[in-house]
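Numbered from 1 within each chain, the chains take letters A, B, ... in sequence-line order. The analysis underlying the following values was restricted to heavy atoms, covering all of them including side chains, and did not include hydrogens, waters or symmetry mates.
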Amino acid sequence: MTFQLYDTQTREARAFEPLNAPAVGIYVCGATVQGAPHLGHLRTAVAFDQLRRWLLYRGYRVTFIRNVTDIDDKILERSAAEGRPWWEHASHYDRQFNAAYDALGVLRPSYDPRATGHITEMIELIERLIERGIAYPALDGSGDVYFSAADFPEYGALTHQRLDDMAPAPDAPPAGKRDPRDFALWKAAKDGEPATASWPAPWGRGRPGWHIECSAMSTKYLGTTFDIHGGGLDLRFPHHENEQAQSRAAGDGFARYWVHAGLLNIGGEKMSKSLGNSVFAAEAIDEAGPLPLRYVLGAAHYRSVLDYDPEESLARAVPVIERLERFLRESRRVLDDELPAPVRAEEGFAGREVDVPEEFAAAMDNDLGVPAALSVLFSTLSEGQKLLDGRESPGQEFGALFRIAAQVQLMLEILGIDPTHPVFASDRTETPQAGVLERLVEELIAGRAAAREHKDFAAADDIRDLLARSGVELTDTPAGTRYTIKER
RNA sequence: GGUGGAGUGGCCGAGAGGCGAGGCAGCGGCCUGCAAAGCCGUAUACGUGGGUUCGAAUCCCAUCUCCACCUCCA
């Protein structure tokens with residue numbers, strides 16, 4: 001089966017056939033850096049990271065562009081309110097977004113272009129639209145430029161709406177518009193706005209409207225026709241509809257597949273900046289760690305609404321991650337570190353010694369059926385666990401375990417939740433303290449072993465309790481006692 | 001009003017006509033000095049009312065509730 005991908009525009013899953021296979025171009029709308037990243041932003045980032053990783057596994061060479069919109073009305077407003085230049089404001093939050101993406105192991109984009117770096121390209125595009133008679137300078141001489149929705153017959157195609165049913169676009173005073181539903185391509189500089197927030201243009205100084213930056217940047221880096229355009233579901237209209245209208249009206253083919261990630265709900269409502277119900281990335285990462293958070297955000301199907309429960313969601317994911325981690329750790333130990341070095345998505349999964357189980361591939365090929373894929377992951381892990389327990393393979397035949405452990409590791413890497421990945425490994429730097437701690441714990445474990453030898457279980461349990469109080473958890477196994485340091 | 005989506009067991013979350021995905025939690029068992037981990041077993045689940053069918057969570061009709069978008073949003 002070939003990879004089937006749901007396209008928002010055609011409303012069906014279609015076989016994914018890239019324009020120039022094995023090259024694949026993906027453009028994802030990143031953030032408008034007005035404020036701190038919340039879980040909704042991260043959910044979308046994780047969804048497209050999964051898509052990208054699966055395409056990489058399938059052998060495609062993916063060019064992944066994720067833009068940063070670093071100029072808009074709200075950035076100007078909020079930076080003024082916070083008392084610093086808009087560019088510092090934008091940059092500040094841009095860094096927070098990147099920090100959050102990095103923490104969750106979201107692969108870095110091939111390039112992350114900024115809107116303000118592409119003013120020239122936007123002006124060129126607007127000029128093309130004016131030449132074609134589909135955009136016009138504001139009638140009131142304000143210096144704005146608008147897109148004439150009624151002059152583009154396909155307007156509304158992406159979201160299947162009729163122009164007549166649409167409300168006016170309030171992004172500019174209606175005085176300069178031919179039709180209230182026209183939207184701004186270029187916004188003239190206004191009194192009181194910082195001089196740094198405007199650029200020269202044929203229509204006078206100003207700045208771009210929302211939407212035009214994505215038309216300009218996606219086609220610049222991926223070509224006038226490219227494979228996948230994505231973003232959160234809330235961007236479908238007006239943002240993506242308008243992008244498509246601008247680009248197609250200018251003669252570009254634009255996106256071939258539209259992919260939208262479902263929204264993250266909290267308390268039954270969408271998490272959003274404007275509703276003020278956001279759980280911010282930093283605090284969620286702090287609460288449970290980045291890996292459980294990534295697991296929570298990525299475990300549901302990417303198009304479904306994901307309900308986030310601040311009390312439960314992260315806590316529930318922690319034992320799952322611990323189970324994954326334990327299995328890999330134990331496998332590595334039993335296999336005497338013979339488990340092959342994990343292959344990484346960044347390297348296109350090159351050099352892998354195993355493939356993913358067929359059912360896993362089938363699940364992922366079905367419009368990224370991650371929940372079904374997780375089910376395969378867990379049953380594979382369970383098979384491996386039985387081998388570890390020596391139930392199925394009492395001898396020294398480790399081939400089967402080797403294969404399973406490698407598969408588990410590969411599936412985890414495809415989903416971006418490999419606990420052994422360096423981004424998720426906590427900083428276990430080799431400090432002198434670490435060595436002291438190790439010797440102390442081992443002394444205590446030896447003492448406890450001696451006590452158990454003499455059936456002095458009270459003394460043995462005292463030692464175990466002491467360590468537990470200090471955050472060291474002991475586990476007795478046939479091969480001896482191991483310890484884990486609990487993070488928090 | 002227009003356009004979509006969703007209601008599944010204690011919780012999360014798939015599936016889209018035919019052996020009750022999977023995870024978390026719980027319960028019973030095995031293992032263990034006791035635990036932990038692991039393994040095995042364990043569920044009156046499909047908003048409501050009708051209908052089609054040998055068979056419906058899945059199809060049809062009706063109905064209730066919720067969510068998103070309809071020009072700030074990932």
Side-chain angles (χ1 to χ4, degrees), chain A residues 8 11 28-32 34-35 37-48 72-74 77 97 149 156 159-162 164-172 180-184 209-211 230-239 241-242 260-265 268-275 278 295-296 299-301 303-309 311-313 315-320 322-323 326-327 330 359 363 369-379 382 385-386 388-392 452 455-458 460-461 464 468 473-478 482 484:
Chain A
T8 313
R11 294 171 176 167
V28 176
C29 284
T32 302
Q34 313 161 339
H38 63 59
L39 264 27
H41 299 114
L42 298 186
R43 197 256 171 122
T44 298
V46 167
F48 285 98
D72 88 322
D73 292 355
K74 279 204 175 166
E77 264 172 48
F97 270 88
T159 49
H160 305 95
Q161 302 182 91
R162 297 174 344 137
D164 290 346
D165 295 328
M166 292 183 194
D171 59 353
R181 294 161 303 197
D182 293 348
F183 60 89
W210 185 30
H211 325 308
L233 194 59
D234 52 354
L235 292 185
R236 241 180 348 167
F237 194 91
H239 187 54
E241 186 76 69
N242 290 356
H260 289 100
L263 301 181
L264 180 85
N265 276 196
E269 270 186 325
K270 147 190 183 186
M271 184 177 290
S272 89
K273 288 181 248 189
S274 50
L275 289 174
S278 302
Y295 180 82
V296 167
H301 184 87
R303 285 194 287 118
S304 66
V305 176
L306 176 59
D307 265 301
Y308 182 78
D309 180 341
E311 308 293 318
E312 303 272 351
S313 295
R316 288 269 164 79
V318 172
V320 180
E322 284 173 352
R323 185 177 163 203
R326 243 185 335 258
F327 173 74
E330 286 302 296
E359 315 86 72
V370 170
L374 279 171
S375 166
V376 177
L377 167 72
F378 284 113
S379 58
S382 207
Q385 196 66 245
K386 280 176 225 172
L388 272 181
D389 289 354
R391 281 169 217 278
E392 312 272 320
R452 291 174 74 205
K455 307 275 184 214
D456 185 357
F457 296 120
D461 288 349
R464 185 165 63 189
E473 196 164 88
L474 297 190
T475 307
D476 297 323
T477 77
R482 332 207 153 276
T484 340

If you restrict it to nitrogen or oxygen atoms, what contacts under 3.5 Å exist between nucleotides 10-14 of chain B and the protein, and what is each distance?
| from | atom 1 | to | atom 2 | distance (Å) |
| --- | --- | --- | --- | --- |
| B:C11 | O2' | A:Arg316 | NH1 | 3.0 |
| B:G13 | OP1 | A:Asp307 | N | 3.3 |
| B:A14 | OP1 | A:His301 | N | 2.8 |
| B:A14 | OP1 | A:Ser304 | OG | 2.7 |

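- A donor and an acceptor atom sit less than 3.5 Å apart, one in the side chain of A:Asp476 and one in the base of B:C34.
- Between the side chain of A:Thr44 and the base of B:A74, a donor-acceptor pair under 3.5 Å is found.
- Protein atom CZ of A:Arg181 is 17 Å distant from nucleotide atom C1' of B:C69, rounded to whole Å.
- Rounding to whole angstrom units, CG of residue A:Leu275 and C1' of B:A68 are separated by 11 Å.
- One finds a side-chain N or O of A:Lys386 lying less than 4.0 angstrom from the OP1 or OP2 phosphate oxygen of B:C40.
- For the side chain to side chain contact (heavy atoms under 4.5 Å, CB included) with A:Leu233, the lone residue among A:His260, A:Arg303, A:Lys270 that qualifies is A:His260.
- We find that CZ of A:Phe378 is positioned 11 Å from P of B:A25, with the value rounded to whole Å.
- Residues A:Thr159 and A:Arg452 each lie close to RNA chain B; by heavy-atom proximity, the contact nearer the 5' end of the strand is made by A:Thr159.
- For the 3.5 Å distance criterion, the side chains of A:Gln34 and A:Thr32 fail to qualify, holding no donor opposite an acceptor.
- Taking CG of A:Asp461 as the reference point, atom CG of A:Asp456 lies at 9.5 Å (rounded to 0.5 Å).
- When the P atom is compared between B:G26 and B:G18, the two are found 33 Å apart, to the nearest whole Å.
- With respect to the salt-bridge test (charged N to carboxylate O, under 4.0 angstrom), the residues A:Arg316 and A:Asp309 do not qualify.
- Of all nucleotides listed (B:A74, B:G38, B:G33), B:A74 comes nearest to the side chain of A:Met271.
- Taking only side-chain atoms of A:His38, from C-beta outward, the nucleotide of B:C24, B:A74, B:A36 with the closest atom is B:A74.
- The residue among A:Arg326 and A:Ser274 whose nearest nucleotide of RNA chain B lies closer to the 5′ end is A:Arg326.
- Rounded to a whole Å, the CD atom of A:Glu330 is 10 Å from the C1' atom of B:G38.
- Judged as a salt bridge (charged side-chain N to carboxylate O under 4.0 Å, His left out), and not counting sequence neighbours, A:Glu77 has no contacts.
- Using a 4.0 Å cut-off between charged side-chain N and carboxylate O, A:Lys386 and A:Asp389 make no salt bridge.
- Pair assignment for B:U52 gives none, since no Watson-Crick or G-U wobble pairing has each distance under 3.5 Å.
- Partners of A:Asp165 according to the salt bridge (charged side-chain N to carboxylate O under 4.0 Å, His left out) rule, which considers only residues two or more places apart in sequence or in another chain, are A:Arg162.
- When Watson-Crick and G-U wobble pairs are counted only if both distances are under 3.5 Å, B:A6 pairs with B:U65.
- Interface remark: the A:Arg236 side chain does not form any donor-acceptor pair with the B:A68 base, using a distance-only criterion of under 3.5 Å.
- In this structure B:U32 sits in no base pair that meets the Watson-Crick or G-U test at under 3.5 Å.
- For A:Lys74 against B:C72, a side-chain-to-base donor-acceptor contact under 3.5 Å is present.
- Across every strand in view, B:G22 sits in a pair with B:C12 that passes the Watson-Crick or G-U test at under 3.5 angstrom.
- Between A:Arg323 and B:C24 there is a side-chain polar atom (N or O) within less than 4.0 angstrom of OP1 or OP2.
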